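Computed from heavy atoms alone, side chains included, the values below leave out hydrogens, waters and symmetry copies. Only a predicted model underlies this, so the values are computations on that prediction, with no experimental measurement involved.
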Amino acid sequence: MGTIDKHAPGEFCWVELGTTDAQAGVAFYSKLLSWTVRETPAGPSMTYYIFLSDGKDAGAAYQLMKEQTAKGVPPHWLSYVAVTDAAAAAAKAQKLGGKLLMGPCEVGEEGKLAVLEDPQGAVFAVWQAKKHIGVRADGLHYRACWNELATTDAAAAKRFYAALFGWTAHTQPIGGMDYTTWLNAGKPNGGLLQMTAEWAGIPPHWMVYFSVPDCDESAEFAKELGAEIKFAPFDIPGVGRICVISDPQGAVCSLIQLEAMAA
């Protein structure tokens, strides 16, 4: 297993679970993705749970605050993008039509963050690293390997993220539909889907994908652990086998058995 030492600006660098039962969420993902956990104090009454894959940082979890649940914030996974200046990125996002939800704020000596909402309503975060660069785990399995935007206006999303992060959008047919891959400095950095009528009732969002060695086995195990299978395992030719799950508290993520990683 390799180790990531740096995330380039514009690259996805961290994933974080906000949930209504942190201990239950930590137990679920620790079992499902073979993670261990390091607990870190994050204030007088808050614990930040850092997930470790083979001993290396892979993501985190925390208990949603009463203020968040009172505002209707549901359990969710949040995707972070590396930036050189979180305050500047937040200001730029707002000029482009986005909304600032939190920050910019210092996180001790670890870094600086801001949580934002794009013009269509998808939430993401930016991270200016100091001591904490983000994900360090770089193995084949049990790590966040993809971040995908589902939005109601793909054309507008392409303009927003291109202007904010300098991403370019490469669209091609995959699995019988047009799929856009975000490129950051020429390297694949995530995906984009245009939401259709079939998505009625689902708000625009960023989806986190976790790599697993066997999608079917992981889906069945997730179900045994109390998850709901939103979409049963299915194949995307040239990509891999995917399922979408909702964990016992309601946070949604995808599991993917990439073809290049298949046993």
Minimum side-chain heavy-atom gap Thr151-Leu192 below 4.5 Å: yes
Assign the ring pair Trp14 / His132 to parallel, tilted or perpendicular, where the plane angle (0 to 90°) is split at 30° and 60°. perpendicular
We want to know whether Thr171 and Asp178 form a side-chain donor-acceptor pair, criterion being a heavy-atom distance below 3.5 angstrom. no
Can you hop from Leu183 to Leu164 via hydrophobic side chains spaced under 4.5 Å? no
Would you say that more than 12 heavy atoms from the other residues, nucleotides or ligands in this model lie under 6.0 Å from the CZ of Phe231, or not? no
Side chains of Tyr80 and Glu16: is there a donor and an acceptor less than 3.5 Å apart? yes
For the student: nearest non-hydrogen atoms of Ala87 and Pro104, plus distance: CA-CG, 3.6 Å
Candidate pair His205 and Met207, rule side-chain contact (heavy atoms from CB on, under 4.5 Å), full reasoning: CA-CA 6 Å; His205 61 275; Met207 172 79 78; 4.2 Å; yes
Greater than 12 external heavy atoms within 6.0 Å of Lys130's NZ: yes
Note: Glu109-Lys131 ion pair, threshold 4.0 Å (strictly below): yes
Taking all non-hydrogen atoms of both residues into account, name the closest pair between Glu11 and Asn189 and its distance. CA-OD1, 3.5 Å
Atom of Ala219, atom of Cys243 and distance for their closest heavy-atom approach: CB-SG, 3.7 Å
Go through it in stages, so that I can follow the logic: the residues are Ser79 and Val208, the test is side-chain contact (heavy atoms from CB on, under 4.5 Å), and I'd like the CA-CA distance, side-chain angles, deciding distance and then a yes or no. CA-CA 7 Å; Ser79 299; Val208 179; 3.5 Å; yes
Find out if a path of hydrophobic residues (ILVMFWY) with successive side-chain heavy-atom gaps under 4.5 Å connects Val81 to Ile133. no
Taking the side chain as C-beta and beyond, is there a heavy-atom pair between Pro237 and Val239 under 4.5 Å? no
Please report the interatomic distance CG(Leu258) to SG(Cys145), rounded to the nearest 0.5 Å. 5.0 Å
Lys92 side chain vs Ala163 backbone, donor-acceptor pair below 3.5 Å: yes
Any donor-acceptor pair under 3.5 Å linking the side-chain atoms of Thr168 with those of Lys158? no
Straight-line distance of Arg143 CZ to Asp54 CG, nearest 0.5 Å: 12.5 Å
Within a strict 4.5 Å, meaning less than it, do heavy atoms of the Val126 and Leu113 side chains meet? no
All side chain to side chain contact (heavy atoms under 4.5 Å, CB included) counterparts of Phe221, not counting sequence neighbours: Lys31, Leu32, Glu224, Leu225
Cluster question for you: counting only ILVMFWY and a side-chain heavy-atom cut-off of under 4.5 Å, with indirect links fine, are Leu101 and Leu149 together? no
Looking at every non-hydrogen atom in both residues, tell me the closest pair between Leu255 and Cys215 and how far apart they are. O-SG, 3.9 Å
What closest approach, in Å, do Gly98 and Pro119 show between heavy atoms, and which atom pair accounts for it? N-CG, 4.1 Å
Between CG on residue Leu78 and CE on residue Met102, distance to nearest 0.5 Å: 8.5 Å
Minimum heavy-atom distance between Glu148 and Leu193, given as atom pair plus value: OE1-CD1, 3.4 Å
Is there a side chain to side chain donor-acceptor pair (under 3.5 Å) between Glu110 and Tyr48? Walk through the geometry before answering. CA-CA 13 Å; Glu110 304 302 316; Tyr48 197 61; over 6 Å; no
Let me know which of Trp206, Trp146, Tyr209, Trp127 forms a ring pair (Phe, Tyr, Trp, His ring centres under 6.0 Å) with Phe12. Trp206
If you take the centroid of each ring, where Trp contributes its six-membered ring, are Trp35 and Phe210 closer together than 6.0 Å? yes
May I ask you to decide if Lys187's main-chain N or O and Asn184's side chain share a donor-acceptor pair within less than 3.5 Å? no
Going from SG on Cys13 to CD1 on Ile4, what distance comes out if it is rounded to the nearest 0.5 angstrom? 10.0 Å
Within one Ile-Leu-Val-Met-Phe-Trp-Tyr cluster: Trp199 and Phe234, side-chain cutoff 4.5 Å: yes
When you compare the side chain of Leu17 with that of Pro75, does any pair of heavy atoms fall below 4.5 Å? no
Identify whether the distance between the nearest side-chain nitrogen and carboxylate oxygen of Arg241 and Glu259 falls below 4.0 Å. no
Would Asp57 and Arg38 pass as an ion pair if we require N to O under 4.0 Å? yes
Do Leu100 and Leu116 come within less than 4.5 Å of each other through their side chains, counting heavy atoms only? yes
Does Trp167 have its ring centroid less than 6.0 Å away from the ring centroid of Trp182? yes
side-chain contact (heavy atoms from CB on, under 4.5 Å) between Ile245 and Cys253, worked out: CA-CA 6 Å; Ile245 68 169; Cys253 65; 3.8 Å; yes
Are any of the side-chain nitrogens in Asp5 or Arg136 under 4.0 Å away from the carboxylate oxygens of its partner? yes
Spell out, yes or no, whether Tyr142 and Val15 are grouped together once hydrophobic residues are joined by side-chain heavy atoms under 4.5 Å, including indirect joins. yes
Donor-acceptor side-chain pairing of Gln63 and Tyr49 below 3.5 angstrom: no
Distance-only polar pair, side chains of Asp118 and Tyr161, donor-acceptor under 3.5 Å: yes
Are Trp77 and Tyr29 close enough that their ring centres sit under 6.0 Å apart? yes
Do Leu52 and Val37 have side chains that approach each other closer than 4.5 Å (heavy atoms only, starting at C-beta)? no
For the residue pair Pro204 and Met195, establish whether any side-chain heavy-atom pair is separated by less than 4.5 Å. yes
Does Gln23 CD have over 12 foreign heavy atoms under 6.0 Å away? no
Taking the side chain as every heavy atom from C-beta outward, state whether Asp138 and Thr3 have any pair of such atoms under 4.5 Å apart. no
When you look at Val123 and Val115, which way does the side-chain contact (heavy atoms from CB on, under 4.5 Å) test go after all the steps? CA-CA 7 Å; Val123 177; Val115 180; 3.7 Å; yes
Taking atom CD of Gln257 and atom CG of Asp235, what is their separation to the nearest 0.5 Å? 8.5 Å
For the OG1 atom of Thr20 and the NE2 atom of His76, what is their distance to the nearest 0.5 Å? 11.5 Å
